[in-house]
Visitor: 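The structure under discussion is supplied below as structure tokens; questions concerning it will follow.
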Amino acid sequence: MKKLLIIAAECPFPMRHGFAVRVGDMTRYLSRNFEQHLLVYGPDDVPPQEHFASVTVVRPPVVAGVGGALRAVRQRLRQAHFDHPMYASDELVAAVRQLQEQHDIDGCIVHTPLLARAFAGLRSRTLQVLDAHDLWHDKYRLFDRIGKGALLSHFRNQEREMATYRASDLTLAISLHDQQKLVAQGLPPEQVLHVPVSFAQTPLVSPVDEPTLLYTGGSGIFNCDALHHFIGETLPLIRQQVSGARLLIMGAEPEIRSAYGSDPHVELLPFLDDVSDGYRRAKVVVVPLRYGTGLKIKVLESFARRMPTVTSEAGMQGLHADDYPLTDLSADPQPFASAVVRALQDSEYRQELAATGHAVIGDHYTAEAVYSELVDKLEEQIEQRQATPCTQ
């Protein structure tokens, strides 16, 4: 069995949010075909994991003392790019080198370009796979549009990011949109593989008759932006036509809890061990994103549960969903409110949304559909490299 080294900034299990869902879902499937070794570049200890033959934790350097504080200030003022050693230290590279020798690693998947410097610890014949997770220079631009650009200023240089992808053997694009943009920006098509996230079709029967809406994204810049605009501008328009309409929010961060904790038309759900419990309380799922990049896991999660879902162009970006029967994907208050009202009041339309979204999962997002080509590509390219003498 060929051996893969998986490098991520946190342990993927339990899969409680988008990054962990991405890494966890992928490694769970790859464990059928590969012996996997996990390297976590983060501050916490990681318990043994069933999908990995070994788990190693490398802690990022701690800035300590006056000298360390001064270095941190200088780096902040210089706005170091994502490929600076401050994001992936020499200790990480050394740990990769040690794991390469200890386990005779055949291929390495690094999650996000922020950790791509770790490839320096590999032999030249070891397959290097970079999972982008996002187009980060695009995400920076959108953050900047809503006044949050400083949070991603280290990803402001598009060419630097593209050079990082070109240096890998294979780049994984999480959405069709990202795959197309990477190729348009100069990556050879054979070097880019569309690998989204898989979902099992788990239809729910919601007993809700009340006009209850659900949004499962209560944290993050884009989700908070969507909630502020939906609650402030769109929900009042919905309530003009459906007076009992109310919004449930899962996973609300402090900003949202502070803003809407006392709103009589908004309910902030407690932490749920099973997110299906939240879906069962809703009649319609809303994803009113104005901005977004990557893959909207919350949209596919709703489709998988056969929930009628009203979303926007940003929510549908990069999905296999051309036949989804939303006629207007605008996130603007009036058209979005009209789509939600129709879904609440028209049972046939509601069922059409639910059935079409559910079929999207069966057609395009089963585990086999998502990962079989990746498995073939990994095995093929590893074999090609093993036939090449190692130069390190």
Side-chain angles (χ1 to χ4, degrees), residues 2-12 18-31 34-42 46 49 51-60 81-103 105-137 139 154-155 160-174 178-179 182 187 191-195 197 294 371 374-375 377-378 381-382 385 392:
K2 296 178 176 63
K3 301 176 183 179
L4 294 179
L5 175 62
I6 310 298
I7 302 178
E10 59 184 87
C11 181
F19 181 88
V21 168
R22 166 63 163 178
V23 182
D25 186 60
M26 183 185 298
T27 55
R28 185 169 53 192
Y29 188 89
L30 292 179
S31 66
F34 300 93
E35 177 183 302
Q36 297 182 109
H37 299 266
L38 176 65
L39 194 166
V40 176
Y41 187 59
V46 177
Q49 301 286 312
H51 300 295
F52 303 101
S54 72
V55 177
T56 302
V57 176
V58 176
R59 292 175 176 80
H81 286 86
F82 69 91
D83 49 3
H84 191 281
M86 67 182 286
Y87 298 112
S89 67
D90 292 338
E91 289 82 359
L92 174 62
V93 175
V96 171
R97 187 172 293 113
Q98 181 176 354
L99 289 168
Q100 168 80 87
E101 298 305 320
Q102 181 179 353
H103 300 292
I105 297 297
D106 299 305
C108 176
I109 302 178
V110 169
H111 287 278
T112 80
L114 200 68
L115 300 180
R117 189 168 178 264
F119 285 137
L122 299 173
R123 299 181 188 133
S124 61
R125 72 179 180 189
T126 302
L127 180 66
Q128 299 181 12
V129 181
L130 184 53
D131 187 3
H133 282 245
D134 231 316
L135 292 185
W136 294 91
H137 59 276
K139 194 166 188 174
H154 51 305
F155 276 111
R160 209 152 173 166
E161 183 179 351
M162 294 302 298
T164 301
Y165 299 137
R166 282 193 293 270
S168 67
D169 297 311
L170 183 65
T171 296
L172 307 185
I174 200 169
D178 289 7
Q179 180 189 34
L182 287 168
L187 260 70
Q191 194 179 328
V192 184
L193 186 64
H194 173 228
V195 183
V197 176
Y371 294 116
L374 173 61
V375 169
K377 200 89 163 176
L378 292 174
Q381 294 202 11
I382 285 172
R385 279 155 182 74
Q392 286 186 355

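Remember, it's a predicted structure, so these values are computed and weren't measured experimentally.
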Visitor: Does this structure show an ion pair linking Arg59 with Glu91, if we count only N-O contacts that are shorter than 4.0 Å?
Guide: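 No, Arg59 and Glu91 are not salt-bridged.
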Visitor: Going from OG on Ser31 to CD1 on Ile6, what distance comes out if it is rounded to the nearest 0.5 angstrom?
Guide: 10.0 Å
Visitor: Can you check side-chain contact (heavy atoms from CB on, under 4.5 Å) on Leu4 and Asp106, steps first, answer last?
Guide: CA-CA 6 Å; Leu4 294 179; Asp106 299 305; 5.8 Å; no
Visitor: Check whether any side-chain heavy atom of Val195 lies under 4.5 Å from a side-chain heavy atom of Ile174, and answer yes or no.
Guide: no
Visitor: Would Leu378 and Lys2 satisfy side-chain contact (heavy atoms from CB on, under 4.5 Å), going step by step from the backbone distance to the final call?
Guide: CA-CA 10 Å; Leu378 292 174; Lys2 296 178 176 63; over 6 Å; no
Visitor: Do Gln381 side-chain atoms and Gln128 backbone N/O form a donor-acceptor pair below 3.5 Å?
Guide: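 Between the backbone of Gln128 and the side chain of Gln381 there is no qualifying donor-acceptor contact (under 3.5 Å).
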Visitor: Taking side chain as C-beta onward, heavy atoms only, is Leu92 less than 4.5 Å from Arg117?
Guide: no
Visitor: Backbone N or O of Phe34 within a donor-acceptor pair of the Lys3 side chain at under 3.5 Å?
Guide: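 No; zero donor-acceptor contacts below 3.5 Å.
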Visitor: What's the verdict on side chain to side chain donor-acceptor pair (under 3.5 Å) for Ser54 and His37, showing C-alpha distance, side-chain angles and the deciding distance?
Guide: CA-CA 5 Å; Ser54 72; His37 299 266; 2.6 Å; yes
Visitor: Less than 4.0 angstrom from a charged side-chain N to a carboxylate O is my criterion; do Arg160 and Asp83 meet it?
Guide: yes
Visitor: Between Ile109 and Leu5, does a side-chain contact (heavy atoms from CB on, under 4.5 Å) hold up when you go through it step by step?
Guide: CA-CA 6 Å; Ile109 302 178; Leu5 175 62; over 6 Å; no
Visitor: So, taking the atom named CZ in Arg125 and the one named CD1 in Ile105, what distance separates them when rounded to the nearest 0.5 Å?
Guide: 12.5 Å
Visitor: Could you report the tightest heavy-atom contact between Gln49 and Val55, atom names first, then the distance?
Guide: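 Closest approach of Gln49 to Val55: CG-CG2, 4.0 Å.
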Visitor: So Val96 and Phe119, side-chain contact (heavy atoms from CB on, under 4.5 Å) or not? Walk me through it.
Guide: CA-CA 8 Å; Val96 171; Phe119 285 137; over 6 Å; no
Visitor: Start with the C-alpha gap between Asp169 and Arg385, add the side-chain angles, then the distance that decides, and say whether salt bridge (Lys or Arg N to Asp or Glu O under 4.0 Å) holds.
Guide: CA-CA 11 Å; Asp169 297 311; Arg385 279 155 182 74; 3.2 Å; yes
Visitor: Might you confirm whether atom CD of Gln98 has over 12 heavy atoms from other residues, nucleotides or ligands at distances under 6.0 Å?
Guide: no
Visitor: So, for Phe155 and Phe82, is the gap between ring centers shorter than 6.0 Å?
Guide: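 Centroid distance Phe155-Phe82: below 6.0 Å, so yes.
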Visitor: Closest heavy-atom contact between Leu122 and Cys108?
Guide: CD1-CB, 3.6 Å
Visitor: Is it the case that the ring center of His81 lies less than 6.0 angstrom away from the ring center of His154?
Guide: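 Not close enough - the centres of the two rings lie 6.0 Å or further apart.
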Visitor: Applying salt bridge (Lys or Arg N to Asp or Glu O under 4.0 Å) to Arg97 and Asp90, what does each step give before you reach the verdict?
Guide: CA-CA 11 Å; Arg97 187 172 293 113; Asp90 292 338; over 6 Å; no
Visitor: Got a donor-acceptor contact below 3.5 angstrom from the Gln100 side chain to the Arg123 backbone?
Guide: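 Such a contact is found between Gln100 side chain and Arg123 backbone.
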Visitor: For Gly24 versus Pro12, what's the shortest heavy-atom pair and its separation?
Guide: N-CB, 3.5 Å
Visitor: Which atoms form the tightest heavy-atom contact between Leu39 and Ala95, and what is the distance?
Guide: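 Here Leu39 and Ala95 meet closest at CD1-CB, 4.1 Å.
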Visitor: By side chain to side chain donor-acceptor pair (under 3.5 Å), which residues pair with Asp131, not counting sequence neighbours?
Guide: Arg22, His111, His133
Visitor: Does Leu193 offer a backbone N or O that forms a donor-acceptor pair with the side chain of Gln179 under 3.5 Å?
Guide: no
Visitor: Determine the minimum heavy-atom distance between Pro113 and Ala132, stating which atoms define it.
Guide: CD-O, 3.8 Å
Visitor: What closest approach, in Å, do Leu115 and Ala9 show between heavy atoms, and which atom pair accounts for it?
Guide: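 Result for this residue pair: CD1-N, 3.8 Å.
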Visitor: Could you go through Asp134 and Lys139, starting from their C-alpha distance and side-chain angles, then the distance that decides it, and tell me whether this counts as salt bridge (Lys or Arg N to Asp or Glu O under 4.0 Å)?
Guide: CA-CA 8 Å; Asp134 231 316; Lys139 194 166 188 174; 3.3 Å; yes
